[in-house]
Amino acid sequence: MSDRFDPARADIRWQAAWDEAQCFRADDNSPKPRSYVLEMFPYPSGRIHIGHVRNYTMGDVLARYKRMRGHEVLHPMGWDAFGMPAENAAMGKGVHPGGWTRENIANMKAQLKRLGFALDWSREIATCEPEYYGHEQALFLDLYEHGLVYRKESAVNWDPVDQTVLANEQVIDGRGWRSGALVERRKLSQWFLKITDFADELLEGLGSLDKWPEKVRTMQENWIGKSQGMQFRFDLSNGEQLEVYTTRPDTIFGASFVAVAADHPVAQSVAMTNCDAAKFIDLCKQGGTTAAELETAEKLGFDTGIGAKHPITGEYLPVFIANFVLMDYGTGAIMAVPGHDQRDFEFATKYGLPISRVIAASADEAGKPFDGEAEAGDGICVNSGFIDGMPVAEGKAAVIARAEAEGWGEGKTVWRLRDWGVSRQRYWGTPIPFIHCEVCGVVPVPKKSLPVTLPEDVDFSVPGNPLARHPTWKHADCPQCGKPARRETDTLDTFVDSSWYFLRFASQPDDKPFDPAQIAKWLPVEQYIGGIEHAILHLLYARFWTRALARIGKIEVKEPFGSLFTQGMVTHETYTINRPPTEEEKRVFGWTDEAAHESITQYLSPNEIERRGEQVFEKATGRPVKVGRVIKMSKSKKNVVDPDEIVATYGADAIRWFMLSDSPPERDLPWSEAGIEGCARFVQRLWRLFGQFDASAEGEDKAVDRKAHQTVAAVAEDIESLGFNKAVARIYELAGVIEKAAPSASRSEAIRKLLLLVSPMMPHLAEEAYATFGEGLVANAMWPEVDPSLLVEDEVTIAIQVNGKLRDTEVVAKGLDKGSLEAVAVANAKVQAILSGATPKKVIVVPDRLVNIVA
RNA sequence: GCGGACGUGGCGGAAUGGUAGACGCAGCGGACUUAAAAUCCGCUUGGGUAUCCCAGUGCGGGUUCGAGUCCCGCCGUCCGCACCA
C-alpha cells in the first residue's frame, strides 16, 4: 500500500468498477425490502452548484447505507429540463433552448459522475423529451376527462412595451426587466387544475406525514388556509345586494365601511358611469401580481358613494373600492373592522373613517383607546349589542346563528388555497394538448395523436411566445369535426413536470406513464431530500397530483413522500475591494470629477484573493480585500466555488466529507478553503490507518472493541436520522481511539469496521483500501454487526451539585441505587466543605447522572 | 404586509430539563527535519488575587432542586408568498 491515497486515480478506477458491476441498478423484481431514496432533481443550468453536491451527497450516503443493510435501493436521477433560463439563453446568446439544455445535461451528468454517486442512471429522465412530456399530456387529458381541468380568466403581468407576459421574477419594482415599462395586470383565459377539490384531503393528509418536518407541515397548513367564517349580504342603497365573507363575524358591530376588489362586479358597474372610479380601477391594475406586492402597496381606496345597510344595526356604511381586497379570496368583498384588522386600520386612518372597539381584554376596557394599531387578538365582545360580554368564539357562533335565523347570512368554510393556474405563454414547456375549434369549442387532442411535440424552428429574436407566432405549428384540424382549427399555444407550468417524475422513475413503460404494479412496490418514496424553498409549492403540487391520480384510479398511493428532509444552503464569505471609477464609467454615468472620488465596490471571487495570515489581498494587484458577510452562494456576489475544481484538487471523497461535516444538514453550511483542506487531510489520515490493518494481529482490547461497537451503532442511528454531522464527529473519535491503541486483533477489527462505516461517505477511499483486504467491492459489503453487550459501560461519571451548581464529579458503578449515590455525594470532600456541618434540606438523585444537594 | 424558522467560543457546531463548549476548523507552543511540507504531542470561552473562584448559550422577565433546552415579551438574521426552479 502506498503512503498516499491518490484520489485522481482512485476516483476514476472505482467509478468505472461500479459501472461495470452495475452495482446501483435497482431490480424491480428483487425479493429484498425496498428503499426509494430520492433527491429533488436539478434544473440543468449548465454546471453543478455546490448546493447540489450537498443534497446528492446526503441522499447518496443514505442510499449506500441502505444497500449495506440489505435493501434493494432505487436511487435515480433526472432533469427538470423545461423552464425560462433556456429561453433567456436563446434570446441572449441565440442558441436553441433544446440544444442548450441537452448540452447542459451532458455536462452536469459528467460532473455528477465524478462525485461517485450511487445512482441508477438507466432510469435517467429529462422532462423536455417527448418520451416524458407525452405521458404528461396523457395524464393531463385523464384529469380533464374527470373534470379536474378547466379554463377561466386570470391575471398576468403584462409588459405593454414588449407585448409579452412576464414571470414575477421578471418584474422589478413594478417594471418589466427588459423594457423598463410599468407592468400592468391583464386578464387572460387560462388553464387551471382543481387543486381546491382536494383542499380538505391535502390538509387532512398532513396528519399522516409524521416524518415530515413540523415547519413544512405548518407552512402547508397555513397555505391551504382553512377558515370558518360567515358569508352574508348587505343591501345596497342602489337596490343591489353585496355578498361579503368574514372570518370575524364576532366583530360585525365594529364594521365601519365595506370594501370591494377593483375587479369586483360592483366596482365595474360603478366605473361604467363614473370616470373617476374607472381611473381608480386602472390605477389599481398597475404593478405586479404577487401577494407581497399587493399587501405592501399603500392602501388606496375610492368612495363609490353607495351605502351598505348593516344587517343588524341598520346603519348605512360607505362602500369603497380598495386595492388591498383580493378578488380571488372569499367573495372579493369585505366588511372592514378597523379596530381589529391592521389593513382596515391603516385604511380607516387614511380616509378618516371611524375606528371602534368591539373586542377588549375585559368589560371595563370597553372604552380603551387604540395604541396606533389594530388589536387582532382574543378577548371578549364589547359595544356589540346582543353579544356583549361573550368571548370571541362564542360571539362568532351567536352572530352566525342570528344571521342564519334571519336569513341574511350563513356560516361558511373558505380556503385560502386557489386553483392551480398551469398556463404559461412560453415555448420551452409541455404543450397543452388541446385544439380550439370555432364550431366545437375546446377539444382535447386524441390520445393516439400524442405526444404533441414542440416545433424545432422557432424565433426568439422578438419577445413573446414563439409558439403563438410560429407560421404553421398552431394550425391543426379539429379532431371532432375535421375543420381547420387552432392549437393551444400555452405550455404547462414546469411544476407539473416535477409533480409526477418520481412515479416515472419507479416505472417507465413506453406505452403509458407508469405501471401501477411497480408504483405500488416502490412508492411512497422512503426518503425525499431537497431545499426548504420547495416547502410549499412543489411539495403541495406533487401531493395533489398523486392524490388526483389516485382518485381517478391510476395508482393506489396517496402520499408520494413518506419522509421528507429539507437541507440548508451552502454559504461563503464575500470579498470586495473599492476602486476608483474608470474614465469610461465617469463618462457613462455622468460623474463629475468632484463625485468621482467616490469609489466603486466590486465583488471578487474566491479565486481572485489570497490570504497572508489574517489579512486578505487581491491576487492580481496586491490591494487589501474587505471580507464581507457569509451569505448564500450567488453568481452576482461572486462568492461561488466550482465543485469540479474542488474534485480535481482534493478528490471526490474530500468534498463529500466536507458536505457532511460540522453543520447540521438542515442548517446552512459555510464553505471554506481551510475546511476542505482539513477534509483532504482526514482522507489521508484514514488511508494511513487502513494501511495498518493486520489480519494476523492477536489479542483482545476491550476498550477498543467497546468503542468500535458503540460507534457502529451510533453512526447507524445518525445516518438513519440524517444526522451526518454527528456521524462524522463519532468517526473522528473512533479514528482517534484506534490510532492511540496498541496492535491487537481488536484493533484490526476496529479498523475494518471504521472502513465500512465511512464507505457510504468516502466510497472511493473505502474501495481502494478494501481492495487490499481482498474481499471484493465494499459497495457490495454488509454493514458491521453490533454486539449489544459491548454497548453498555460498567462505570459512569456522575455530577455532584450543590444548589444546582457543579462542585465535583465522582466515578461510580453504573446502576448504583439512589441511597448509595446520595451517600457518595454527601461524603464528598467539596460538598462537606460547602455544607460545613449543615444538614441538606433536600437531595435530588438522578441515577447514572447526578446528585443535587439543596442546602 | 402575511406565514415559517433560526440565534451557544475567533469560526462550524455538540448537549432525552441534569457536568455547557463533544467533534472539526483556525490559532498558539513543542517534537521530528539542514530547512520546508507532511506527520505527531500539548494548549485554546471570558475575567480574576489562577490546584481555586466568579461570570457565561442574542436581550429582559418567569417556571423549576436544576434552563442552551420549557413559558411570556423584545431584538436581530434568514426562507416562502401562487409565472424562478
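None of these values were measured; they are calculated from a predicted model. A, B, ... follow the sequence lines: proteins, then strands. Residue 1 opens every chain.
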Does the base of B:G12 carry an N or O that pairs as donor and acceptor with the side chain of A:D662 under 3.5 Å?
-> yes
Quiz item: A:N168 side-chain donor-acceptor pair to B:C83 base, under 3.5 Å =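 Check fails, no donor-acceptor contact within cut-off.
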Can you check whether A:L540 reaches A:L417 side chain to side chain, under 4.5 Å on heavy atoms?
-> yes
Between B:U8 and B:U77 - C1' atom distance, rounded Å = 16 Å
Given the C1' atoms of B:A82 and B:G66, what is the spacing between them in whole Å?
->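 To the nearest whole Å, 48 Å.
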Compute both the distance and the angle, then confirm whether A:K152 meets the cation-pi test with A:F192: under 6.0 Å from the six-membered ring centre, within 45 degrees of the axis.
-> yes
Does A:R416 place a side-chain N or O at less than 4.0 Å from the phosphate oxygens OP1/OP2 of B:C81?
->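 Indeed not, no polar side-chain atom of A:R416 lies that close.
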Residue-phosphate contact under 4.0 Å: A:R418 side-chain N/O, B:A82 OP1/OP2 | no
For [Y], is there an ion pair with [X] - N to carboxylate O distance below 4.0 angstrom?
| X | Y | answer |
| --- | --- | --- |
| A:D718 | A:R730 | yes |
| A:R217 | A:E214 | yes |
| A:R424 | A:E87 | no |

Scoring nucleotides 53-58 of chain B by protein non-hydrogen atoms under 4.0 Å (B base, S sugar-phosphate only, - none) yields -SS---
Assign a letter to each nucleotide of nucleotides 43-51 of chain B from its 5' end: B, base within under 4.0 Å of a protein heavy atom; S, sugar-phosphate only; -, no contact.
-> ---------
Which dot-bracket string describes RNA chain B (Watson-Crick N1-N3 plus N6-O4 or O6-N4, or G-U N1-O2 and O6-N3, all under 3.5 Å; [ ] crossing; | other strand)?
-> (((((((..(((.....[....))).(((((.......))))).((((...))))..(((((..]....))))))))))))....
